[in-house]
Amino acid sequence: PRDRLTRGQMATFLVRALDLPPANDDTFSDDDGSFFEADIEALSTAGITRGCGARTFCPDELVTRGEMAAFLVRAFDLPEVAGDSFSDDDDSVFEADIEALKASGVTDGCGATAYCPDQSVSREQMAAFIIRALAIS
């Protein structure tokens, strides 16, 4: 769907929100020639992304809510916290990031006890996440 956010677009939104400086690295092999390459590299240099593989970023893949949590925790240096606020993230590699987002007030999840970590993020959700994260930083 058009309102869903790709990893490349996410890079651009985060670089602008954080006013990150440009980077001249070439960390990822799959972003060469991409409109988002400079922003992807800026995120990598800032330590906000590790990509989706050893030397890949997957710029055209949709961002999941779990990945969004990881991006925001690294971007805003949110502290780790103990807890288990959501019932649907127990098997997610992003569980600690999701818990940090919840504890910081950036999210209440997608339901009473759910975060929906595998669901793709819409542009509107991304904007809300970033606005809330900027408000606490």
Side-chain angles (χ1 to χ4, degrees):
R2 290 183 59 107
D3 72 329
R4 296 297 160 183
L5 190 69
T6 67
R7 293 171 58 86
Q9 292 167 329
M10 182 71 239
T12 296
F13 284 115
L14 278 176
V15 165
R16 290 178 183 169
L18 299 168
D19 196 26
L20 294 177
N24 294 322
D25 299 333
D26 190 20
T27 308
F28 304 109
S29 61
D30 64 343
D31 67 349
D32 295 343
S34 167
F35 176 80
F36 305 107
E37 183 175 12
D39 293 327
I40 292 167
E41 296 302 338
L43 278 192
S44 177
T45 298
I48 296 170
T49 187
R50 298 177 187 133
C52 63
R55 288 216 1 99
T56 56
F57 182 77
C58 304
D60 298 323
E61 302 242 342
L62 296 179
V63 176
T64 67
R65 291 174 56 87
E67 291 169 329
M68 184 76 189
F71 279 130
L72 293 175
V73 165
R74 290 185 210 121
F76 292 94
D77 198 27
L78 299 178
E80 275 190 43
V81 295
D84 190 18
S85 302
F86 302 109
S87 60
D88 64 344
D89 67 348
D90 292 342
D91 295 327
S92 174
V93 298
F94 302 111
E95 184 174 15
D97 298 314
I98 293 166
E99 198 59 42
L101 269 194
K102 169 70 173 161
S104 69
V106 173
T107 189
D108 285 326
C110 63
T113 61
Y115 180 77
C116 305
D118 299 323
Q119 211 174 70
S120 60
V121 176
S122 71
R123 291 172 187 233
E124 292 84 5
Q125 291 168 334
M126 176 275 312
F129 278 130
I130 291 178
I131 287 169
R132 288 187 209 121
L134 284 168
I136 63 166
S137 65

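The structure presented is a predicted model; accordingly, all values stated were derived computationally and were not measured. Along the sequence shown, residues carry numbers from 1.
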Does a side-chain heavy-atom distance below 4.5 Å link M10 with E67? no
Are side-chain heavy atoms of I98 and R65 found at a separation under 4.5 Å? no
Is there a chain of hydrophobic side chains (I, L, V, M, F, W, Y, each step under 4.5 Å between heavy atoms) that links F76 to V81? no
Tell me if the CG atom of D90 is crowded by more than 12 foreign heavy atoms within 6.0 Å. yes
If you count the non-hydrogen atoms of other residues, nucleotides and ligands that lie under 6.0 Å from CG in D32, is the total more than 12? yes
Only counting residues at least two apart or in another chain, list the ones meeting salt bridge (Lys or Arg N to Asp or Glu O under 4.0 Å) with E41. none
If we only count heavy atoms from C-beta on, is the Q125 to R4 side-chain gap below 4.5 Å? yes
Taking the side chain as everything from C-beta on, heavy atoms only, tell me whether D30 gets closer than 4.5 Å to C58. yes
Between D60 and R7 (salt bridge meaning N to carboxylate O under 4.0 Å), is one present in this structure? no
Are side-chain heavy atoms of F71 and D97 found at a separation under 4.5 Å? no
Do L72 and I130 come close enough that some side-chain heavy atom pair is under 4.5 Å? yes
Going through the checks in order, is the side-chain contact (heavy atoms from CB on, under 4.5 Å) test met by D84 and E95? CA-CA 8 Å; D84 190 18; E95 184 174 15; 3.2 Å; yes
Do you reckon L101 sits in the same ILVMFWY cluster as V93, going by side-chain contacts under 4.5 Å, direct or chained? yes
Grouping I, L, V, M, F, W and Y whenever their side-chain heavy atoms are under 4.5 Å apart, do I131 and M126 come out in a common cluster? no
Distance check, rounded to the nearest 0.5 Å: K102 atom NZ versus D89 atom CG? 11.5 Å
For D108, does the CG atom have more than 12 heavy-atom neighbours from other residues, nucleotides or ligands under 6.0 Å away? no
Heavy atoms of C116 and D88 approach each other most closely as N-OD2, 2.7 Å
If we only count heavy atoms from C-beta on, is the I136 to L78 side-chain gap below 4.5 Å? yes
A quick test of your reading: do over 12 heavy atoms of other residues, nucleotides or ligands sit less than 6.0 Å from CD of E124? yes
Can you name the residues that form a side chain to side chain contact (heavy atoms under 4.5 Å, CB included) with Q9, not counting sequence neighbours? L5, T6, F13, F36, R123
Roughly how far apart are T27 OG1 and R55 CZ, rounded to 0.5 Å? 7.0 Å
For a quick test of reading the model, state the closest non-hydrogen atom pair linking A100 to P79 and the distance between them. CB-O, 3.4 Å
Atom pair CZ/OG1 of F28 and T49 - distance to nearest 0.5 Å: 5.0 Å
Under the side chain to side chain contact (heavy atoms under 4.5 Å, CB included) rule, collect the residues that match up with T113, sequence neighbours excluded. S87
